[in-house]
Amino acid sequence: MAKKLGKKARKFARKHLQSAAKRNRKQRSQFARRPRRGGSGRGNERDGDGDDEMPQRAIDNVMNNGDAAALVNGLEFPEDECELNSDLSDSDGYLSEDSECLYYSDSEDGNAVNDCFVQDGLDGENDKMNTEIKKQKKKLNKLMDKDPEFANYLEKWQSELKSDGSKEDSAEDEMDSVDNDADSSDENLSNDKILTRKTISEWCQLVAKEPKAPSLRSLLNAYRDACRFGVSKSPSVQRIQSTEVFHQIITFVLSEADNIFHALLEISDDVNKGKIMNLRSAKKWKTIEPLVKSYLQNSLDLLSQLTDNQILEFVLTRLRASAVLFSAYPSTSRRLLKILIRLWASGDHNLSLSSFLMIREVASLLPECLDLCLNKSYNTYLASSKLVNEGNIKHIDFLMDCLVELYSLDVQKSCERATTSIGQLNSILRQACKTKEKEDLRKVDNWQYINCVNLWVRFLCCNYKDYNMHPLLSSVVQIIRGVAHLFPGTRYLPLRLRLVQMLNELSSCSQMFFPIPSLLFDCLEFRDTSQKEQGKKAKVNFSSLLKVPKNMLKSRDFHEECVLSAIDVLSAHFAQWCYHVSFPEVATIPLILLKRLHEQTTIESLRRPIKRLIDQVDENKNIVERKRDGVSFSPNDTTSVESFVQNLQAEKSSAKFSQFYKIVPKKLR
């Protein structure tokens, strides 16, 4: 039996043996230290200065790191860590109040109360307590008259209490000298004015009548305290003692702040960034700027602290009217964008929509913040699309549509980012095709990679007709076909269907033909299953799957879902080319494969839709052939081909397949 190594020998083995050294190198590569934000030295030398080095650096990161978690690091864009909120750092949002501004108590009829602490009326309860005390004193006096010994006992007890009280008073005096600061804060709290509903309503009426009223500063200070309500324990925040007052302050200030500032600055509702920047040199801006700063800073604090989605939605809806004021402070706008993008990625649809509308407004007003907006939103989309299930499919599609709209604000900048991202996708795919290792294949066979490809597909479909994007289109098509051929077999049919849908969208926007049926029929050749296997039932939803589990491959529901989904995709493909002069050639091979599938399928519920699709395609093929026999132009004559398509679309008798395509989902589902 081998002798056990000692402590020193084990320590030497962990440090110097070949297997231990290899494991340590792998761990160091996975947990590499990130460069400092603003520092110099190795971090800056490694990162480089220009944006041109970023794609190669990201590709090298993906090629060297073998961990599947490196996918996000390989696909995400680098973000500039800039100083946030530097425009408002010279102020904490508090404004000096005018002495003419009065505080009111809810119990008063309208009389002003100056320099006093507002107290709740408890006179009725105090009277009851006084009457009970008087009754108890009468009972004690009667007992003392009846029993003189009891009276002597009470006198001794009172004298002992007085001596103990004097000792406690001296001890309290010593503690007061030590805890001076704590008592001073309590005294300051008692000097503050409580914010009541009547006080806020009076201030709101004065400000609504005259925006230049002195109560505007007090109202903005109350808004500052409301934005910290429930979070801060400062004495000023404790002036708000009910949620009704909180809602009253927040509702009025957010609803009327935009109109108030427009009236003070004497600007119209359609003011743009240029007018705001010109106003910053005017004298009236210097007097109003502290009010604007206080409002904007406190609104950002409110957004970062709120957790209720309905209140957040209301705040964002009202702040969108004041988006032009943020254009005067670019650094503050950057902080606003980071908060908005975080809320945009939340699962609540209404909150995400309100956040996106505000993001689009700020990005269109501030071109200098567009880079941050595009990078941050893209990285957030990647992080949100890491896992896809039936509950978040609609949310991820919504994020994708929003991101396409943001990238369409500046197509030239967006094309540069698209080129970088597509290059990263292509390098990951090449590495997977080269090695065929599980770790490299896992970087392609995941939702982040597929959703990233789908994002650029939708971006191309949205802007292809207005801009020259043919190089991007070619690269994306190569990636789609490469991914489809990298994962053959029936298990990857959901992935194939998703890729074919992308090709259909690209074909529709670019009017280019892609051989789609060949990508589907590889997965649709089933072997005959027994009656026992056909009886197995398992719910299958291809929208949330990329690879089907092995236990579902023999189930009848899986077979039905495969065939019906393929019919939907093929119908969309045929509907795009049903009027084209080359439709007979397009449909020849798919018809042969469909007839073979119809013969192989033993499930009667699948044979009917396959047979109907064959009949519709065959009928449309005969119509185009008859029309084509009557013309004499060459297929190279593009103008004649376009006129042929237009004439065929105008005839009602040739629109049968398009009508079939519209009713296919209703009939089969």
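Because the structure is predicted, anything quoted here is derived from the model rather than measured.
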Go through Y223 and F252 one step at a time and tell me if the ring-ring contact (aromatic ring centres under 6.0 Å, His included) criterion holds. CA-CA 9 Å; Y223 178 67; F252 179 82; over 10 Å; no
Kindly determine whether N504 and S508 satisfy side chain to side chain donor-acceptor pair (under 3.5 Å), including the steps that lead there. CA-CA 6 Å; N504 273 338; S508 178; over 6 Å; no
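Identified under the side-chain hydrogen bond (donor to acceptor under 3.5 Å, both in side chains) test for residues 316-326, with sequence neighbours left out: none. The ring-ring contact (aromatic ring centres under 6.0 Å, His included) contacts involving residues 345-374 comprise H349-F398, where partners must be two or more places apart or lie in separate chains.
Between the OH atom of Y378 and the CG atom of L399 there is a distance of 14.0 Å, given to the nearest 0.5 Å.
One N or O on the side chain of S475 and one on the backbone of P471 form a donor-acceptor pair closer than 3.5 Å. The backbone N or O of L316 lies less than 3.5 Å from no partner atom in the side chain of S354, so there is not a single donor-acceptor pair. Put simply, the side chain of N379 gets close to the backbone of N375: a donor and an acceptor are under 3.5 Å apart. Within the 3.5 Å criterion, the main-chain N or O of Y295 finds a donor-acceptor partner in the side chain of S299.
Ring-centre distance between Y407 and W456: below the 6.0 Å cut-off.
Applying the side-chain contact (heavy atoms from CB on, under 4.5 Å) test to E390 and every residue at least two apart in sequence or in another chain returns N541, S544. With sequence neighbours left out, the side-chain contact (heavy atoms from CB on, under 4.5 Å) criterion links Q478 to no other residue. With sequence neighbours excluded, the residues that form a side-chain contact (heavy atoms from CB on, under 4.5 Å) with R458 are D397, M400, D401, V404, N454, E505. Residues meeting the side-chain contact (heavy atoms from CB on, under 4.5 Å) test with S507, sequence neighbours left out: F514, Q576, W577.
A salt bridge links D371 to R417: at least one charged side-chain nitrogen sits closer than 4.0 Å to a carboxylate oxygen. By the 4.0 Å N-to-carboxylate-O rule, R335 lies close enough to D301 to be salt-bridged with it.
Ring-plane geometry between F487 and Y492 is classed as tilted, the angle between the planes lying from 30 to 60 degrees on a 0 to 90 degree scale. Note on ring orientation: taking the six-membered ring where Trp is involved, the planes of H573 and F513 are tilted (angle from 30° to 60°).
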